Amino acid sequence: MLALMIAMLLAMLDNLIVGTAMPTIVGDLGGLEHLSWVVTAYTLATAASTPIWGKLGDMYGRKGIFLTSIVLFLIGSVLSGMSQDMGQLIGFRAIQGLGAGGLMVGVMAIIGDLVPPRERGKYQGLMAGVMAIAMIGGPLVGGTITDHLGWRWSFYINLPLGAVALGMVTAVLHLPKRERAKSKVDYLGAGLLTVGITSIVLVTTWGGSEYDWNSAVIMELIAIGVASLAGFLFVETKASEPIIPLHIFRNRNFTLMSLVGFMSGFVMFGAVLFLPLFQQSVQGASATNSGLLLLPMLLSMMIVSLIAGRVTTSSGKYKIFPIMGSILMVVGLFLLSQMDTGTTRFTSGVYMAVLGAGMGFLMQITMLVAQNSVELKDMGVASSATTLFRTLGSSFGVAIMGALFTGRVQDEMAARGGGGATASSAQLDAASLAKLPVPVREAYQFAVSSGTHIAFLVGASVGLVALVAALFVKEVPLRGAGPEPVPAAVSDSE
């Protein structure tokens, strides 16, 4: 478990550490116009490779595929640290992202192999804790490394952690022997899915920022994405070893958990984006410790996840948790939407804790129920599909909430006569705000609070969809620690 948690930490930390180092990287390498691609290349590669890693693990054995993903991630990290220009960095970040796609899926699938669902709740708090450490520690570690060692070490820091994970997984991880699949990899399905996912992520990344939503580029990407995914669905019905077997979606619980995962990803990453921005711009908090601003939400999420996991293990019951999680998520987002320029940090912290409690009920339970809904032979694709839906949800959340936020800020600034100073960016830190004339600063703070209002209201609406889906989840007994005659027999024979 320690080795798996280190690998999970690697995948989660990277973007957060690199994000803090980006201004220094641009100052050294230049290429400001390509800045967004440093993150986009990593995100694209991670999302596109996630289902493929999961399927390869199912077909050829989990351990070898997982070790390969760690090695690929470390190679990408070394090359990124050695980059001499922005083009090289973008390319090497894509390599790193390919490895990262296998890290999260590998961790979830291996835990699914080693720990029966009934016992898996014990480890939920551990996984939520790793997520909290990454979100709080990432910006802090990134800032410290960049200031004292240079931006290249924001990539090299992965090497000691990766080496420990690599050594421990090699030495101590022993998985049940599986017969290697005789069928060939579904390359056509993999290619179509990759094109489809890439198109979706680019639409959500570029729409409203690089290109207008109704521009030819966005329309073409949407058309390519729809055509590719339609072709993918057709190919999957014919393939002997489909990348994502469509039969897993016949299970109601799996489909509902995929939907809940998409919605929770939408909300989670939108909240992580806008809460620090609100606290910095409106409440005057320092950007240096931006990870600490999320502490009420992350601590609440970790504690609730731990409690939910323990109760699930002891009782075997879980349906109540997605319902409670969705309700708290909606309530938390609605409360956050009510924040204005007079909201205190304590009040916003309480609101964040409510949202965090909702996320704590949802984050690991969605994976647990999804894995319990499939046979052991499909553990990898179930884990990767659930992870993929959460990733796509986060892309949509950041894009849609971001577009609404930026639009509202610019409208309010224009209406209040302060648009010239800030309308182009819709984002200023506390130090920059202090230099603005008082009327402009107050107008901007009002505009940001108005923007977060509309963004969190949309998030609350999305949470309602998750609640409806959670209500239809069927309480299927979790597989226990004892013999599992049907799934295990099917898996071994195949």
Side-chain angles (χ1 to χ4, degrees), residues 3 6-53 56-57 63-107 134 137-139 141-170 190-191 194 197-198 201-202 205 387 391:
I6 291 173
M8 187 174 173
L9 187 63
L10 274 175
M12 290 184 165
L13 267 179
D14 192 76
N15 256 344
L16 294 165
I17 290 178
V18 173
T20 312
M22 282 312 299
T24 308
I25 293 174
V26 171
D28 190 13
L29 298 182
L32 178 62
E33 68 276 13
H34 304 304
L35 173 65
S36 63
W37 271 105
V38 176
V39 175
T40 302
Y42 181 91
T43 306
L44 273 177
T46 302
S49 64
T50 294
I52 299 170
W53 284 114
L56 291 176
K63 182 174 179 177
I65 297 298
F66 185 52
L67 288 172
T68 302
S69 70
I70 296 177
V71 171
L72 189 60
F73 180 83
L74 295 180
I75 290 172
S77 298
V78 172
L79 292 174
S80 295
M82 297 169 62
S83 300
Q84 299 302 308
D85 58 49
M86 194 62 85
Q88 289 182 9
L89 180 59
I90 291 168
F92 296 147
R93 283 284 283 165
I95 295 174
Q96 198 183 16
L98 288 175
L103 291 180
M104 284 297 292
V105 174
V107 169
V141 172
T144 303
I145 289 174
T146 304
D147 290 343
H148 295 94
L149 299 175
W151 67 264
R152 296 182 188 276
W153 279 95
S154 63
F155 297 104
Y156 295 150
I157 192 65
N158 293 326
L159 297 182
L161 282 173
V164 171
L166 204 58
M168 291 185 69
V169 169
T170 303
T194 299
I197 292 172
T198 301
V201 174
L202 286 178
T205 304
T387 304
T391 302

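Here the structure is a predicted model, which is why all the values come from computation and not from measurement.
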Participant: Would you say Arg93's side chain and Gly76's backbone share a donor-acceptor pair under 3.5 angstrom?
Facilitator: no
Participant: If you look at every heavy atom in Leu89 and Ser80, which pair is closest and at what distance?
Facilitator: CD1-O, 3.7 Å
Participant: Using the rule given for side-chain contact (heavy atoms from CB on, under 4.5 Å), can you reason through Leu72 versus Trp53, listing the C-alpha separation, both sets of side-chain angles and the distance that settles it, and then say yes or no?
Facilitator: CA-CA 12 Å; Leu72 189 60; Trp53 284 114; 3.9 Å; yes
Participant: Do Gln96 and Asn158 come close enough that some side-chain heavy atom pair is under 4.5 Å?
Facilitator: yes
Participant: Within the structure provided, determine whether Leu159 and Val78 are in side-chain contact (heavy-atom separation under 4.5 Å).
Facilitator: yes
Participant: Contact between Tyr42 and Ile90 at the side-chain level, heavy atoms closer than 4.5 Å - yes or no?
Facilitator: no
Participant: How far does CG of Leu79 sit from CG of Leu74, to the nearest 0.5 angstrom?
Facilitator: 11.0 Å
Participant: With heavy-atom distances below 4.5 Å as the criterion, would you say the side chains of Ser77 and Phe73 are in contact?
Facilitator: yes
Participant: Under the criterion side chain to side chain contact (heavy atoms under 4.5 Å, CB included), which of Thr194, Thr198, Ile197 is the partner of Leu44?
Facilitator: Thr198
Participant: What pair of heavy atoms forms the shortest contact from Gly162 to Leu10, and how long is it?
Facilitator: CA-CD1, 3.6 Å
Participant: Measure across Arg152 and Met82 and return the closest heavy-atom pair with its distance rounded to 0.1 Å.
Facilitator: NH1-C, 3.4 Å
Participant: Side chain of Thr387, backbone of Val105: donor and acceptor closer than 3.5 Å?
Facilitator: no
Participant: How long is the span from the OG1 atom in Thr391 to the CE atom in Met104, to the nearest 0.5 Å?
Facilitator: 8.0 Å
Participant: What are the two closest heavy atoms between Phe66 and Leu103, and how far apart are they?
Facilitator: CE1-O, 3.5 Å
Participant: Identify the heavy atoms of Leu161 and Ile6 that sit nearest to each other, and give their distance.
Facilitator: O-CG2, 3.4 Å
Participant: Tell me the closest heavy-atom pair linking Ser49 and Leu98, and the distance in Å.
Facilitator: OG-O, 3.4 Å
Participant: Just how far is it from atom CZ of Phe92 to atom CD1 of Ile75, taken to the nearest 0.5 Å?
Facilitator: 11.5 Å
